[in-house]
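In what follows, a structure is listed as structure tokens, so that the remarks can point back to it.
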Amino acid sequence: MTTEQAKLILGITEEDNARTAKIKFRRLIGKYHPDAAGEAALEYQEQAQKINAAYSFLKNKDFFVEKEEAVFWNAKINEAAFISRNIYTPYHMDIDSDGLYQTAAHGKYMWDPDEEEFGFFLKSILHAAKELLDEVEERCDIYGGTGKIRIPYQEKLFHCLAQQFIDPLECFLKIAAPDTDGEKFTLLAYIGEKCDKVIMNRIDSLQKGDAIYPLALKDWRLIVCDAQRNSLGHLSFAEDELYYCLFPLMKAHLVQVKMTVIKVQNNKGNYLRNVRSEIEFCLKLSEKAMEYQNPDVNPEISKVLANYRRRLMGF
């Protein structure tokens, strides 16, 4: 047996570290436990032997021993972060594929727009959230069948962890260029496309130069409205990373914004009607923005994990 054959049997991929690889082994061996065999006892026994053999092979190779990080990643470290995360990079700069990436480092590294692609950053946060939930399931001796149950908990963990690894102001200043006066920033945003008929009609009635206004920040979305405070749905940015940079600052009242309609597009098909309005999103940072510090979300993460454990105990 080779290392690659053993990893294939256990379902271990490049994104796994020693801890997640162990979790995969325990989950897999639990799947082929004699109590779950029924009429397929012989088949389950053979599969369990194969899994144990693969695990023993890698264990003898010290595959499951955590080692010192060999690669130093060029980014700040958040020692207070709840969990470490993987840093992913593409295998080849000329190949654009979500499946072709490798683990370059592992640690509590902050996201740096100059060093790490945002799509890979989101992937690392998602995997870290899954790892935390996997550990809870392992402690509860539950292996599989929790897909739909864990979705809301995974979503909450995802947003909490993302906050721990993004410095909103520092990242924003690397992503966006200030206007010529050096004080304001102008970004492209839009509203509309897929929304209900009432909101589509409101957006369709907008004219170039009309102002729209913030209405609420909800679930990492900025809800906007017209001058009569009628909802126009949520605002979308041309660059997804701006959500995680701007919304914490907006929530802390550290930015002033001005939103103006650039144009409205009404696409009428045979069965579908999509209305989209491009928005000029101008903002000015408060003098206190430089003092912003990320909130401590570790208690919230612990609460989510505790709630998930209680949910599993009643599963």
Side-chain angles (χ1 to χ4, degrees), residues 96 111 113-114 117-119 121-122 155 158-159 162-163 166-290 292:
D96 185 14
W111 178 56
D114 293 338
E117 293 182 17
F118 188 65
F121 168 74
L122 293 182
E155 183 178 353
F158 181 89
H159 290 306
Q163 291 180 71
I166 292 181
D167 182 322
L169 182 60
E170 181 177 302
C171 290
F172 174 73
L173 293 177
K174 287 188 175 184
I175 295 169
D179 295 342
T180 53
D181 61 10
E183 294 185 358
K184 296 190 292 294
F185 297 81
T186 302
L187 309 169
L188 177 63
Y190 60 89
I191 54 176
E193 286 201 66
K194 297 180 180 179
C195 48
D196 64 49
K197 186 178 296 186
V198 173
I199 291 181
M200 279 198 295
N201 289 335
R202 291 173 183 166
I203 295 174
D204 196 24
S205 66
L206 294 174
Q207 301 293 320
K208 181 179 179 180
D210 284 351
I212 63 173
Y213 306 89
L215 184 62
L217 271 171
K218 183 179 180 182
D219 297 331
W220 288 87
R221 288 186 171 187
L222 174 61
I223 310 300
V224 296
C225 64
D226 59 20
Q228 289 72 43
R229 295 188 63 79
N230 296 314
S231 175
L232 298 172
H234 69 274
L235 187 83
S236 298
F237 289 106
E239 298 175 293
D240 290 340
E241 49 265 50
L242 289 172
Y243 292 101
Y244 292 93
C245 296
L246 288 181
F247 287 5
L249 300 176
M250 294 180 69
K251 190 175 181 180
H253 305 289
L254 296 176
V255 297
Q256 296 177 334
V257 301
K258 179 181 179 181
M259 295 175 285
T260 308
V261 174
I262 300 175
K263 65 179 179 180
V264 178
Q265 296 174 313
N266 192 335
N267 301 318
K268 297 180 181 179
N270 292 331
Y271 303 101
L272 298 175
R273 175 181 172 228
N274 293 329
V275 179
R276 169 182 166 132
S277 175
E278 292 188 6
I279 305 296
E280 182 183 73
F281 186 95
C282 297
L283 70 94
K284 183 178 181 180
L285 295 169
S286 164
E287 293 181 359
K288 294 184 178 181
M290 300 300 295
Y292 177 83

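Keep in mind that this is a model prediction, so the values were computed, not measured. Nothing fancy with the numbering, it's 1 onward along the sequence.
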Original post:
Nearest heavy-atom pair of Cys225 and Leu232: which atoms, and what distance?
Top reply: C-CD1, 3.6 Å
**OP:** To the nearest 0.5 angstrom, please state how far the CG atom of Leu283 sits from the CD atom of Glu183.
**Re:** 12.5 Å
Subject >> Shortest non-hydrogen contact from Thr186 toward Cys282 >> reply: OG1-SG, 3.7 Å
Original post:
Quick one: are Leu246 and Leu187 in side-chain contact, heavy atoms under 4.5 Å?
Top reply: yes
**OP:** State, with a plain yes or no, whether a side-chain heavy atom of Leu122 is found less than 4.5 Å away from one of Phe158.
**Re:** yes
Original post:
Can you find a heavy atom in the side chain of Phe172 that is under 4.5 Å from one in the side chain of Glu241?
Top reply: no
**OP:** Take atom NZ of Lys174 as the centre, draw a 6.0 Å sphere, and report whether it contains more than 12 heavy atoms from other residues, nucleotides or ligands.
**Re:** yes
Original post:
Where do Ser277 and Ile203 come nearest, in terms of heavy atoms and distance?
Top reply: CB-CG2, 3.8 Å
Subject >> Heavy-atom pair of closest approach, residues Leu285 and Leu169 >> reply: CD1-CD1, 3.7 Å
Original post:
Got a second to check how far Lys197's NZ is from Arg202's CZ, nearest 0.5 Å?
Top reply: 14.0 Å
Original post:
Of the non-hydrogen atoms in Phe118 and Ile166, which two are nearest, and what is the gap between them?
Top reply: CE1-CD1, 4.5 Å
Subject >> Closest non-hydrogen atom pair, Leu235 against Ile191 >> reply: CD1-CG2, 3.7 Å
Original post:
Counting only heavy atoms not in Gln265, do more than 12 sit closer than 6.0 Å to its CD atom?
Top reply: yes
Original post:
What distance separates Trp111 CH2 from Asp167 CG, expressed to the nearest 0.5 Å?
Top reply: 11.0 Å
Original post:
Under the ring pair (Phe, Tyr, Trp, His ring centres under 6.0 Å) test, which residues partner Tyr243, sequence neighbours left out?
Top reply: Phe237, Phe247
Original post:
How long is the gap from NZ on Lys258 to NZ on Lys284, to the nearest 0.5 Å?
Top reply: 12.5 Å
**OP:** Please tell me if the side chains of Ile212 and Phe281 come closer than 4.5 Å, counting only heavy atoms from C-beta onward.
**Re:** no
Subject >> Steps toward side-chain contact (heavy atoms from CB on, under 4.5 Å) verdict (Gln163, Tyr244) >> reply: CA-CA 8 Å; Gln163 291 180 71; Tyr244 292 93; 5.9 Å; no
Subject >> Sub-4.5 Å side-chain heavy-atom contact between Val261 and Ile279 >> reply: yes
Original post:
Measuring from Lys263:NZ to Tyr190:OH, what's the distance to the nearest 0.5 Å?
Top reply: 13.5 Å
Original post:
Which value, rounded to the nearest 0.5 Å, describes the distance between Leu222 atom CG and Leu242 atom CG?
Top reply: 12.5 Å
